[in-house]
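A short write-up of the structure that comes next.
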Amino acid sequence: MTCLRYWIFAFVNRLHRRVWARWTDPSADLPPTMLKRLRRQARNGADVLRRVERAADAALSAPVAEQVLLQPTEDAEFHHRPALFCGQVDRAFHDSPGTGLAVGPDLTLHHDLEEAVFSAALRTGPPSLMIEGYEMRGSFLSLAIALPDMEAPRTSRDRLIRLAYDFTMDVPGPVYARLNLRHGPNVEQITRALDLQASENWVEFDVFYTEYEPARGTAMWIDLIFEPPRMNALTIRDLAVMRRPRVSL
C-alpha cells in the first residue's frame with residue numbers, strides 16, 4: 001500500500017510540475033493581483049518541499065537499526081561507543097583542520113594532508129561526523145577510537161575485538177581498521193579491510209594471533225583508515241567497539 005501511495009504521489013507531482021512550468025515566465029499582461037497570488041502560492045509550495053527534503057535527509061542519515069549495530073552481543077564483556085555518537089559532543093565545523101583534531105574525548109582525526117581543502121562537521125540530531133574533501137595532497141586520513149585504558153589488561157589472547165560501523169561514502173573506496181594493543185614499549189597491531197558491500201557492518205580482530213601480553217597492557221585503540229577523500233564526502237553515523245570470548249566461535 002505504501003508503494004502504491006508513492007506512485008500516486010509521483011504521478012500527481014509530475015502533473016503539478018507541468019502546471020507550474022507554464023508560469024515560470026509569466027506574461028507581462030497578467031494583472032498585479034494575479035502575480036501576487038502566484039508568488040504567494042509558489043512560496044508556500046517551496047516551504048513544504050523544503051520540509052520534505054529535511055525530513056528525508058534526517059531519515060537517510062539515521063543510524064542502522066539499534067538491534068543490529070549498537071547493542072552488544074549476548075557474550076560481550078565490554079561495549080563502547082564514542083561520545084560523539086552518544087550525543088555528548090556539541091555541533092561544530094572545522095575548515096581544513098590540522099592533524100590531531102579531537103572530535104570528542106575518545107575520537108581523534110589524523111592525516112598527513114598538505115595544502116588540503118576539506119572540512120569536518122560535527123552534527124547533532126542524529127549525531128554524525130561528515131568529512132568533505134576537495135583538493136588535497138597526502139596518503140591517508142584516519143579516526144582513532146580510544147578505548148578505556150582499564151580494558152587493556154583485561155583483553156587476553158583468547159578474546160575477539162569487534163568494531164561495528166555505520167557510514168557512507170559518496171564515492172566508495174578502500175577502508176581499513178587497525179587494532180592497536182600497547183604492552184610495555186611494544187604495540188601489537190591487527191589490520192582488517194572493511195567490506196562495504198557485506199550485509200554485516202562489523203569486523204573482528206583475533207588477539208590470539210599476536211604476541212600481546214595482557215599483564216603489561218597499558219592502552220588499546222582502533223584506527224579507522226581512509227584514503228584522502230578527494231572530491232568525496234564521508235558521513236560517519238555510528239561506531240561501536242565490543243570484546244567477547246574467542247571460544248564462543
Side-chain angles (χ1 to χ4, degrees), residues 53-72 76 78-113 116-134 136 138 140-152 155 161-170 173 175-180 182 194 196 201-203 205 218-229 232-243:
E53 181 182 12
R54 287 194 293 269
D57 285 341
L60 289 172
S61 62
V64 171
E66 183 174 351
Q67 67 269 22
V68 176
L69 179 65
L70 306 183
Q71 293 294 333
F78 163 72
H79 182 262
H80 177 80
R81 290 175 66 204
L84 168 64
F85 306 108
C86 297
Q88 300 174 8
V89 177
D90 294 335
R91 183 186 183 99
F93 179 84
H94 303 276
D95 187 14
S96 298
T99 188
L101 173 69
V103 291
D106 49 7
L107 200 62
T108 309
L109 180 67
H110 298 278
H111 63 81
D112 65 349
L113 309 178
V117 180
F118 75 104
S119 63
L122 282 64
R123 298 178 173 180
T124 56
S128 64
L129 171 63
M130 182 173 184
I131 300 173
E132 292 186 281
Y134 306 97
M136 56 187 63
F140 80 96
L141 182 147
S142 70
L143 279 174
I145 309 167
L147 302 173
D149 291 343
M150 67 179 68
E151 298 302 330
T155 303
I161 302 296
R162 174 179 294 193
L163 169 66
Y165 52 87
D166 178 15
F167 63 82
T168 58
M169 304 171 67
D170 284 0
V175 183
Y176 300 92
R178 182 175 63 206
L179 172 66
N180 304 270
R182 183 184 299 279
L194 274 58
L196 302 185
N201 288 4
W202 53 264
V203 65
F205 308 91
T218 57
M220 57 187 299
W221 69 97
I222 293 178
D223 296 316
L224 194 57
I225 306 169
F226 306 87
E227 284 189 346
N232 200 358
L234 165 67
T235 302
I236 302 175
R237 293 187 290 261
D238 218 331
L239 297 170
V241 181
M242 64 191 73
R243 181 183 64 231

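Surrounding OH of Tyr176 are at most 12 heavy atoms belonging to other residues, nucleotides or ligands under 6.0 Å away. Residue Arg162 places its CZ atom among more than 12 non-hydrogen atoms of other residues, nucleotides or ligands, all under 6.0 Å distant.
Within the 4.5 Å cutoff, the side chain of Ile236 has heavy atoms near those of the Leu143 side chain. The shortest side-chain heavy-atom distance between Met220 and Ile161 falls under the 4.5 Å cut-off. When side chains are defined from C-beta on, Pro228 does not count as touching Leu141, because their heavy atoms never get closer than 4.5 Å. No side-chain heavy atom of Arg91 sits under 4.5 Å from any side-chain heavy atom of Leu122. Contact annotation: the side chain of Arg178 approaches that of Ile225 to within less than 4.5 Å [non-hydrogen atoms, C-beta and beyond]. Side-chain atoms of Asp112 and Thr99, non-hydrogen and from C-beta on, never get closer than 4.5 Å to each other. A 4.5 Å side-chain heavy-atom check between Glu151 and Arg243 finds at least one atom pair inside the cut-off. Leu163 has its side chain out of reach of Trp202: every pair of non-hydrogen atoms, C-beta onward, lies at least 4.5 Å apart.
Here the shortest heavy-atom pairing between Leu224 and Ala177 reads CD1-CB, 4.3 Å. Nearest approach of Ala233 to Met130, heavy atoms of both residues: CB-CE, 4.0 Å. Scanning all heavy atoms of the two residues, the minimum distance from Ser128 to Phe85 falls at CA-CE2, 4.3 Å. For Tyr165 against Val203, the heavy-atom pair with the smallest separation is CE2-N, 4.2 Å. In this structure, Phe93 and Ala121 approach most closely via the heavy-atom pair CD1-CB, 3.9 Å. Shown here for Met169 and Asn232, the closest heavy-atom pair between the two residues is CE-ND2, 4.0 Å.
From Asp170, atom CG reaches atom OG1 of Thr235 across 7.0 Å, with rounding to the nearest 0.5 Å. Note that the OG atom of Ser96 and the CZ atom of Phe118 stand 6.0 Å from one another [nearest 0.5 Å].
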Next on the checklist: Is there a side chain to side chain contact (heavy atoms under 4.5 Å, CB included) between Asp238 and Arg81? Walk through the geometry before answering.
Outcome noted: CA-CA 8 Å; Asp238 218 331; Arg81 290 175 66 204; 3.0 Å; yes

Item to check | Residue pair Leu194, Phe167: steps toward the side chain to side chain contact (heavy atoms under 4.5 Å, CB included) verdict | outcome: CA-CA 11 Å; Leu194 274 58; Phe167 63 82; 4.0 Å; yes

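A side-chain donor-acceptor contact under 3.5 Å links His111 to the backbone of Pro97. Not a single donor-acceptor pair under 3.5 Å links the side chain of Ser119 to the backbone N or O of Asp95.
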Please tabulate, for side-chain N and O atoms in residues 101-110, each donor-acceptor pair with protein atoms closer than 3.5 Å (sequence neighbours left out).
{"from": "Asp106", "atom 1": "OD1", "to": "Ala83", "atom 2": "N", "distance (Å)": "3.2"}
{"from": "Asp106", "atom 1": "OD2", "to": "His80", "atom 2": "NE2", "distance (Å)": "3.0"}
{"from": "Asp106", "atom 1": "OD2", "to": "Ala83", "atom 2": "N", "distance (Å)": "3.3"}

